[in-house]
Number of protein chains: 2
Amino acid sequence: MQLSIEPNNGIPIYEQLVRQIKYAVAEGILVPGQVIPSVRDMAKQLTLNPNTVQRAYFQLQNEEVLQSLRGRGVAVCEGAKKQCVADRQQILAERLAAVLDEAIRGGLDEDRLRSMFEKALKNAIRTGEKQS
Amino acid sequence: MQLSIEPNNGIPIYEQLVRQIKYAVAEGILVPGQVIPSVRDMAKQLTLNPNTVQRAYFQLQNEEVLQSLRGRGVAVCEGAKKQCVADRQQILAERLAAVLDEAIRGGLDEDRLRSMFEKALKNAIRTGEKQS
DNA sequence: ATCGCTGTATTATCACGCTATCACACCGAC
DNA sequence: GTCGGTGTGATAGCGTGATAATACAGCGAT
């Protein structure tokens, strides 16, 4: 389980954590019942403050993705995978829509956008494969 | 000249202003030499604080997109259009790349992304045409 | 029971984006 | 010169994301 956090990205760190854990559950990298790294471990791995991690875990508990086992750790909820797949789809669709809206309003035409998309997509796939 | 500012977007308001003014110059909506709305007028139009607008104008002066005519207003620099076209391209390409990177790392496959893109693109074009 | 791990809560501090005022300096029109 | 518009600068306050340090409570192994 490897998460990539980028500070000063506009997106709060705890929010990035929430998303990436959801993605991991959606992908099956984290399976229901599995105990994930503790607040302190995760904070140490990512060189974050434990409070920031705790905030992400707390939000994921509210959304019934994680459940806390006091004294033992935090585990993935049973029915979480379906919900996480849906969440991932919605989050990314919204982000994509926001960029395209800005581009269209900024005056870029459809063809130019399509070309940019293909180029960026290939690049993303390439770098994504390098990591794995 | 109609700008759409969205607070709580993650992107600072003054940064949104900078971008949209660049887009307007790139599109030819604002032409070199033209005097744009004053700090106070722009703030009133967008219901922002004059300081926030001034911050955006200040940054655009540093990037040689705007020049201030003290006592008279702020005008678009002569050579600004070419620069703004390039900036627009780069800004949007980066944002697009960021979304696609997150999507690929999150586990979405190429075809699904392409489908999301087409859907979001049509939607953006539709709402974009409604506005104009 | 004790120890070490866990989650949880509290408080303080800092940085930053934004707002709200106010004051000052410059330019053009009258 | 005066007045009204302009850009510019300074100060204070608020909300929030993030850090730091500390304390408390539950669970399991010993």
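Every chain is numbered from 1 and lettered A, B, ... according to where its sequence line falls, protein lines coming before strand lines.
- Computed from coordinates, the B:Leu66 CG to D:dG7 C1' distance equals 13 Å when rounded to whole Å.
- Between A:Ser68 and C:dT8 there is a side-chain N or O to OP1 or OP2 distance below 4.0 Å.
- In summary, the side chains of B:Gln20 and B:Gln16 do not present any donor paired with an acceptor at a separation below 3.5 Å, with no hydrogens or angles considered.
- Counting atom types as modelled, B:Asn49 pairs a side-chain N or O with a base atom of C:dA20 as donor and acceptor under 3.5 Å.
- More than 12 heavy atoms of other residues, nucleotides or ligands lie within 6.0 Å of CD in B:Glu63, so this atom counts as buried by the packing criterion.
- OP1 or OP2 of D:dT8 sits under 4.0 Å from a side-chain N or O of B:Gln54.
- Between the C1' atom of C:dT8 and the CD atom of A:Gln59 lies a distance of 17 Å, rounded to the nearest Å.
- Whole-Å rounding puts the B:Leu60 CG to D:dT8 P distance at 12 Å.
- Rounded to whole Å, the distance from CG on A:Asn62 to C1' on C:dT8 is 14 Å.
- The residue A:Tyr14 sits close only to the backbone: its heavy atoms come under 4.0 Å of sugar-phosphate atoms, none of a base.
- In terms of position on DNA chain C, the residue among B:Thr47 and A:Asp41 whose nearest nucleotide sits closer to the 5' end is A:Asp41.
- A side-chain donor-acceptor contact under 3.5 Å links A:Tyr23 and B:Glu102.
- Atom OH of A:Tyr57 and atom P of C:dA9 are 16 Å apart (whole Å).
- Straight-line distance from the CD atom of A:Gln67 to the C1' atom of C:dT6: 15 Å, rounded to whole Å.
- Using a 4.0 Å heavy-atom criterion, one finds that B:Leu69 contacts no nucleic acid atom at all.
- The side-chain heavy atoms of A:Leu113 and A:Ile104, taken from C-beta on, include a pair separated by under 4.5 Å.
- In summary, the side chains of A:Gln45 and A:Asp41 do not present any donor paired with an acceptor at a separation below 3.5 Å, with no hydrogens or angles considered.
- Straight-line distance from the CD atom of B:Gln16 to the P atom of C:dG17: 13 Å, rounded to whole Å.
- Between C:dC18, D:dA18, C:dT8, one nucleotide has an atom nearer to the side chain of A:Gln61 than all others, and that is C:dT8.
- At a cut-off of 3.5 angstrom, counting only N and O atoms as typed in the model, there is no donor on one side facing an acceptor on the other between the side-chain of B:Arg40 and the base of D:dG5.
- Of the candidate nucleotides C:dT8, C:dT11, C:dG7, C:dG7 has the atom nearest to the side chain of A:Val74.
- B:Arg72 has its CZ atom 11 Å from the C1' atom of C:dC26, to the nearest Å.
- Among the nucleotides D:dG28, C:dG17, C:dG7, the one closest to any side-chain atom of A:Arg70 is C:dG7.
- Nucleotides of DNA chain C nearest to B:Thr52 and A:Gly73 differ in position, and the one nearer the 5' end is that of A:Gly73.
- Between B:Arg114 and B:Glu118, no side-chain nitrogen of the basic residue sits less than 4.0 Å from a carboxylate oxygen of the acidic one, so the salt-bridge criterion is not met.
- Side-chain to base pairing of A:Arg55 with D:dG17: no donor and acceptor N or O lie closer than 3.5 Å to each other.
- When the side-chain nitrogen and oxygen atoms of A:Ser38 are compared with OP1 and OP2 of C:dT6, one or more of them lie within a distance under 4.0 Å.
- A donor-acceptor contact under 3.5 Å links the side chain of B:Asn51 to the base of C:dT21.
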